[in-house]
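Keep in mind that this is a model prediction, so the values were computed, not measured. Per chain, numbering begins at 1; letters A, B, ... match sequence-line order.
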There are 2 protein chains.
Amino acid sequence: MKKITISDVASEANVSKSTVSQYLNNRFEYMSEETRQKIQDAIETLNYRPNIVARSLKQKSTKTVGVIVANIVHSFSTQVINELEINLHKHGFHMIVCNSNDQPEKEREHIEVLISKQVDGIIVFPTTGNIDLFEKLYKQHFPIIFIDRKIDSLPIPSVLLDNKLASKLAVDAFVEKGYRNIAFITNAIDQPITPRVERLQGFKEAMESYGLSVSKGHLNAVPVNQIQQRLSELFNEVQPDGILVANDRVLIELLSFVKQKGIKIPSEIGIIGIDEVPFASFFDPPICTIEQPFEQIALQAATILVEKIQSQNKTYQEIYRFLPKLNDRDSY
Amino acid sequence: MKKITISDVASEANVSKSTVSQYLNNRFEYMSEETRQKIQDAIETLNYRPNIVARSLKQKSTKTVGVIVANIVHSFSTQVINELEINLHKHGFHMIVCNSNDQPEKEREHIEVLISKQVDGIIVFPTTGNIDLFEKLYKQHFPIIFIDRKIDSLPIPSVLLDNKLASKLAVDAFVEKGYRNIAFITNAIDQPITPRVERLQGFKEAMESYGLSVSKGHLNAVPVNQIQQRLSELFNEVQPDGILVANDRVLIELLSFVKQKGIKIPSEIGIIGIDEVPFASFFDPPICTIEQPFEQIALQAATILVEKIQSQNKTYQEIYRFLPKLNDRDSY
DNA sequence: TTGTAAGCGTTATCAT
DNA sequence: ATGATAACGCTTACAA
């Protein structure tokens with residue numbers, strides 16, 4: 001079960017390796033129809049497939065990019081991964097998917113191995129713990145794009161939602177229907193990641209723009225396993241009439257809580273969630289969501305990464321913001 | 001921005017390339033503490049990282065496997081991909097994810113490029129259109145595992161649900177509660193893929209074991225975009241009291257239909273779905289689902305693939321079946 | 001139009 | 001203990 005190489009093809013076809021190489025790279029200009037045919041036949045009979053590893057070594061390009069996702073539990077992550085695959089494939093790139101699980105050490109390890117594997121670029125949902133590494137890569141002009149999150153001190157192109165607007169859309173909708181006592185809740189991790197921070201901030205600003213109070217109790221950021229408990233407290237203390245949840249993961253916790261306590265939506269509590277979920281439209285009541293244009297986001301990220309790879313020293317706008325869309329439904 | 005190579009490290013440390021290579025591969029037996037330290041320093045000051053492409057060329061192993069998923073829209077696919085990443089990473093493997101979209105030509109193309117990229121093995125949700133290719137790979141002892149689906153004529157290890165039992169669990173549950181007129185519905189594509197066929201067959205057998213009639217109208221396999229229409233017909237003609245849906249994608253169509261028509265669950269129609277969905281437990285009513293142990297399935301697939309890679313000629317059991325679990329809830 | 005030979009960055013064999 | 005040297009399979013000047 002020996003591997004067929006270009007040399008085997010060459011001798012089978014009675015030509016030299018270089019001629020076969022020409023053939024493989026479609027340089028037919030100076031090739032006689034005869035040798036061309038001979039090579040083609042040889043390839044067929046031997047069932048030859050070029051070794052891309054060898055080619056990559058020579059050409060310094062692997063046509064492979066790394067994707068490091070931070071938090072696979074959000075539907076946004078998987079949606080983006082799927083779209084990235086589609087778009088990268090269009091440009092002939094493969095994608096190695098890694099999961100940092102929001103741990104900077106894992107992220108660093110993945111990045112280093114990916115670079116050792118000579119990927120042509122990476123797309124990262126970055127943690128906040130590897131700024132030095134990202135900075136080094138940036139200075140080396142290594143193609144890298146951030147998605148979903150950004151790091152303010154780094155001029156690395158970042159593709160993400162207009163998170164503040166997302167919160168504002170929700171607050172606007174709530175306020176227009178007469179809600180005043182609105183709470184915000186997000187799942188927290190130990191680092192200040194962009195979507196959470198911006199959605200919280202956007203919520204606060206929008207509320208203040210309406211002159212509505214946002215006490216400490218209105219702004220909730222707790223680990224996912226404490227959300228149920230925090231919701232209990234929230235309903236006892238702040239007694240909100242509306243809740244904005246920061247993402248689909250939190251929405252699930254909230255709906256679960258509401259179901260369990262027999263709380264009525266929207267009469268007893270109004271709900272709006274950031275991130276569209278598959279059941280939103282046929283839930284009872286249908287859940288109002290703020291949807292991210294994940295196809296556009298993934299397309300943009302893939303496109304600028306590929307451009308960066310193909311022409312190293314162009315410069316790029318730093319932040320690409322995409323607009324959220326309100327799916328107005330009867331949950332508030 | 002030149003790349004640092006092993007030669008650079010060698011001259012920086014005043015030793016030969018081979019010694020550096022020894023160091024890199026942890027062969028310290030015959031190395032003096034002094035040179036060891038010199039090399040370590042050189043690596044640090046130069047910020048050297050070995051080129052894994054070059055290493056792969058030499059060693060004929062890329063520590064990378066390909067994963068070809070057929071239908072990314074099913075939650076099962078993404079769940080499995082996530083788990084595969086976790087398990088493969090434990091063994092030091094990276095994963096290149098591709099999407100065949102149930103198109104044999106795309107599948108073939110992906111497999112061929114992956115092999116050209118010298119992946120050490122592949123995990124496939126196979127279409128039915130590349131049996132010759134799979135057979136060839138099998139004969140070459142190329143490590144390959146099927147997941148979710150199998151191809152009867154090929155002795156390739158396949159890891160999948162006991163689909164017939166899944167249907168049987170649902171029928172048993174229905175029958176026990178007094179349902180008799182039960183319909184089955186699945187999304188169809190042009191090929192006879194395993195889960196659909198087996199779930200349909202399992203449904204039929206289970207029904208027959210109870211002496212219940214399964215007319216043509218009870219067995220529905222239609223493309224996803226025609227499901228709503230077929231449901232209309234179903235409710236007019238067969239007028240089932242219970243429906244078993246073959247997967248989460250179809251469940252969403254069904255719930256959407258039911259909502260739109262104002263049909264009551266479970267009083268007017270009982271529902272059981274194969275595949276657990278995130279909203280099942282807090283839906284109104286909670287949806288009874290048959291859950292696949294996707295962690296176990298992914299673990300098994302990753303484990304035997306890695307074993308196959310590491311010891312080429314062991315032989316494996318052909319089919320690994322995993323047991324479905326009924327999440328009994330009030331939708332029927 | 002085709003062939004020779006060097007080189008990509010490693011590892012492996014064999015000297016020393 | 002360390003170093004020379006030849007692979008690995010391909011591309012690419014350059015020569016013929």
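Looking at B:Ser16 and B:Thr19, their side chains do bring a donor and an acceptor atom within 3.5 Å of each other.
Among the candidates B:Tyr30, B:Tyr48, B:Phe28, the single residue satisfying the ring pair (Phe, Tyr, Trp, His ring centres under 6.0 Å) test with B:Tyr23 is B:Phe28.
Between the P atom of D:dT12 and the CZ atom of A:Arg27 lies a distance of 10 Å, rounded to the nearest Å. Rounding to whole angstrom units, CD of residue B:Glu29 and P of D:dT2 are separated by 13 Å. Taking atom CD of B:Gln37 as the reference point, atom C1' of D:dA1 lies 17 Å away to the nearest angstrom. The interatomic distance linking A:Gln118 (CD) with D:dC10 (P) rounds to 18 Å, in whole Å. Straight-line distance from the CG atom of A:Asn26 to the P atom of D:dT11: 11 Å, rounded to whole Å. Rounded to whole Å, atom P of D:dC10 lies 16 Å from atom NZ of B:Lys117. Atom-to-atom, CD1 of B:Ile6 to P of C:dA12 comes out at 11 Å; the value is rounded to the nearest Å. In this entry the distance linking NZ of B:Lys60 with P of C:dT10 reads 17 Å, nearest Å.
Pairs engaging residues 81-103 of chain A under the ring-ring contact (aromatic ring centres under 6.0 Å, His included) rule: A:His89-B:His110 [sequence neighbours left out].
Residue B:Glu44 qualifies as open at atom CD: its count of foreign heavy atoms under 6.0 Å is 12 or below.
Residues B:Thr35 and B:Lys58 each lie close to DNA chain D; by heavy-atom proximity, the contact nearer the 5' end of the strand is made by B:Thr35. For A:Lys17 and A:Gln22, each mapped to the nucleotide of DNA chain C holding its nearest heavy atom, the one lying further toward the 5' end belongs to A:Gln22. When each of B:Leu57 and B:Val15 is assigned the nucleotide of DNA chain D bearing its nearest heavy atom, the one mapping closer to the 5' terminus is B:Val15.
Taking 4.0 angstrom as the limit, B:Ser32 places a side-chain polar atom (N or O) nearer than this to OP1 or OP2 of D:dT2. OP1 or OP2 of C:dT1 has not a single side-chain nitrogen or oxygen of A:Thr19 nearer than 4.0 Å. Remark: B:Asn25 is in phosphate contact with C:dT11, judged by side-chain N or O atoms under 4.0 Å from OP1 or OP2.
Among the heavy atoms of the strands, none lies under 4.0 Å from B:Tyr23. Here B:Ser18 lies in heavy-atom contact (under 4.0 Å) with a base. As judged by a 4.0 angstrom heavy-atom cut-off over every strand, A:Ser21 is placed among the base-contacting residues. Within the nucleic acid shown, B:Tyr48 comes within 4.0 Å of sugar-phosphate atoms alone, with no base atom in reach, counting heavy atoms only. Contact annotation for B:Thr5: backbone-only contact, meaning every heavy-atom pair under 4.0 Å involves sugar-phosphate atoms and none involves a base.
Note that CD1 of B:Ile86 and CG of B:Leu299 are 10.5 Å apart. Values are rounded to the nearest 0.5 Å. A:Ile144 CD1 to A:Ser158 OG: the interatomic distance, rounded to the nearest 0.5 Å, is 9.5 Å.
Out of D:dC10, C:dT1, C:dT10, the shortest distance to the side chain of A:Arg55 is found at D:dC10. Ranking C:dT2, D:dA1, D:dC10 by closeness to the B:Tyr30 side chain, first place goes to D:dA1.
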